[in-house]
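Working notes, beginning with the structure itself.
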Amino acid sequence: MSLESFPFHPSFDKEYIAELFDNEASYFIEIMEYFFNNIPTEMSELNETFASGDKLGFAKKLHKMSSMLGCVGQIEFSQLCKEVEKTFLQTQEFIIPQQKMIEDLQELLLHIQNDYDKIKMLTDEAQ
């Protein structure tokens, strides 16, 4: 299955994904499975830093999230995480409230999961 032909959610950078994964759905699925194996721990740690008031820890977790999200084609949110982290390190203030970042990330993860499920189903059907 071609990634270029898949109707990704608008949060995905479709051209980036097609290029990064050589337009191969099977490679994309492999990376997504790795992502889903690791994201629960990362989200838990992000929530823990927020709940404990560890603002520096939260900013550092955003840095890691930005890398993980970039690897699955979420370039815009990845860049936002980097900007929030960078601004915090410079000013000790968050340009977007931490709770909103968590909520937006949770919503984004639902879009990622939905598109992954659809691609996986289409790929399985094609075999």
Side-chain angles (χ1 to χ4, degrees):
M1 184 180 114
S2 163
L3 291 173
E4 288 177 331
S5 64
F6 185 78
F8 282 99
H9 182 270
S11 64
F12 282 94
D13 185 325
K14 189 174 178 175
E15 290 176 13
Y16 177 79
I17 290 172
E19 182 179 331
L20 183 65
F21 297 105
D22 290 332
N23 205 27
E24 290 292 327
S26 60
Y27 184 37
F28 179 73
I29 289 168
E30 182 181 327
I31 298 303
M32 292 299 289
E33 289 172 353
Y34 177 81
F35 176 83
F36 287 123
N37 284 334
N38 290 284
I39 201 66
T41 299
E42 297 304 322
M43 282 300 295
S44 176
E45 290 175 5
L46 183 71
N47 283 313
E48 286 173 20
T49 61
F50 174 67
S52 70
D54 180 3
K55 291 182 178 183
L56 180 58
F58 188 88
K60 287 181 178 182
K61 277 289 156 194
L62 284 180
H63 180 85
K64 188 167 186 181
M65 285 289 191
S66 73
S67 299
M68 292 178 72
L69 293 167
C71 287
V72 295
Q74 293 294 326
I75 302 303
E76 188 175 316
F77 202 85
S78 173
Q79 290 171 341
L80 176 63
C81 288
K82 289 177 188 175
E83 184 62 31
V84 170
E85 176 205 15
K86 179 182 171 186
T87 302
F88 175 78
L89 293 175
Q90 293 171 346
T91 68
Q92 301 300 295
E93 297 292 330
F94 287 102
I95 57 174
I96 297 173
Q98 292 170 281
Q99 183 65 42
K100 176 148 178 41
M101 287 295 294
I102 291 171
E103 291 167 0
D104 290 350
L105 184 54
Q106 289 169 332
E107 182 179 336
L108 184 66
L109 292 174
L110 291 175
H111 296 305
I112 295 170
Q113 182 72 54
N114 287 337
D115 280 2
Y116 164 78
D117 291 344
K118 290 175 190 172
I119 289 174
K120 179 85 168 111
M121 182 183 70
L122 290 171
T123 302
D124 290 347
E125 287 174 358
Q127 293 179 354

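Reckoned from all heavy atoms, side chains included, excluding hydrogens, waters and symmetry mates.
Every residue meeting the side-chain hydrogen bond (donor to acceptor under 3.5 Å, both in side chains) condition with S44, not counting sequence neighbours, appears here in chain and number order: E48. Under the side-chain hydrogen bond (donor to acceptor under 3.5 Å, both in side chains) criterion, E85 pairs with H63, not counting sequence neighbours. Under the rule for a side-chain contact (heavy atoms from CB on, under 4.5 Å), the partners of L56 that lie at least two apart in sequence or sit in another chain are D54, K60, F88, L89. Listed by chain and residue number, H9, Q74, L108, H111 satisfy the side-chain contact (heavy atoms from CB on, under 4.5 Å) test with S11 (two or more places apart in sequence, or in another chain). By the ring-ring contact (aromatic ring centres under 6.0 Å, His included) test, Y27 pairs with F21, sequence neighbours left out. Under the side-chain hydrogen bond (donor to acceptor under 3.5 Å, both in side chains) criterion, T91 pairs with no residue at all, not counting sequence neighbours. Not counting sequence neighbours, the partners of E33 by the side-chain contact (heavy atoms from CB on, under 4.5 Å) test are I29, Y116, K120. Checked against salt bridge (charged side-chain N to carboxylate O under 4.0 Å, His left out), K61 has the following partners two or more places apart in sequence or in another chain: E42, E45. Residues passing the side-chain hydrogen bond (donor to acceptor under 3.5 Å, both in side chains) test with D117, sequence neighbours excluded: Q113. Every residue meeting the side-chain contact (heavy atoms from CB on, under 4.5 Å) condition with Q79, not counting sequence neighbours, appears here in chain and number order: I75.
Atoms CG and CG, from L62 and L46 in turn, are 5.5 Å apart once rounded to the nearest 0.5 Å. Note that CD1 of I102 is 7.0 Å distant from OG1 of T49, once rounded to the nearest 0.5 Å. Here the CE atom belonging to M121 is positioned 5.0 Å from the CD atom belonging to E125, to the nearest 0.5 angstrom. Taken to the nearest 0.5 Å, the CZ atom of F28 stands 4.5 Å off from the CD1 atom of I119. One finds the CG atom of D115 at 11.0 Å from the CG atom of L3 (value rounded to the nearest 0.5 Å). Between atom CG of residue L69 and atom CG of residue L109 there is a gap of 7.0 Å, rounded to the nearest 0.5 Å.
Checked against the 6.0 Å centroid threshold, F50 and F94 do not count as a close aromatic pair.
S67 and S78 make their closest contact through N-OG, 4.5 Å (heavy atoms, listed as atom of the first residue, atom of the second, distance). When every heavy atom of M65 is checked against every heavy atom of I39, the shortest pair comes out as SD-CD1, 3.6 Å.
Residue pairs that meet the salt bridge (charged side-chain N to carboxylate O under 4.0 Å, His left out) test with at least one member in residues 67-84, sequence neighbours left out, do not exist here. Applying the salt bridge (charged side-chain N to carboxylate O under 4.0 Å, His left out) rule to pairs touching residues 92-107 yields K100-D104, sequence neighbours excluded.
I31 and F36 fall within a single hydrophobic cluster, where Ile, Leu, Val, Met, Phe, Trp and Tyr side chains are chained together by heavy-atom contacts under 4.5 Å. Hydrophobic clustering, with ILVMFWY side chains joined whenever heavy atoms are under 4.5 angstrom apart, keeps F12 apart from Y34. One hydrophobic cluster, built from ILVMFWY side chains closer than 4.5 Å, holds both L122 and F8.
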Step-by-step side chain to side chain contact (heavy atoms under 4.5 Å, CB included) determination, K64 to C81: CA-CA 9 Å; K64 188 167 186 181; C81 288; over 6 Å; no

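Distance alone, capped at 3.5 Å, is enough to place a donor-acceptor pair between the K14 side chain and the F6 backbone.
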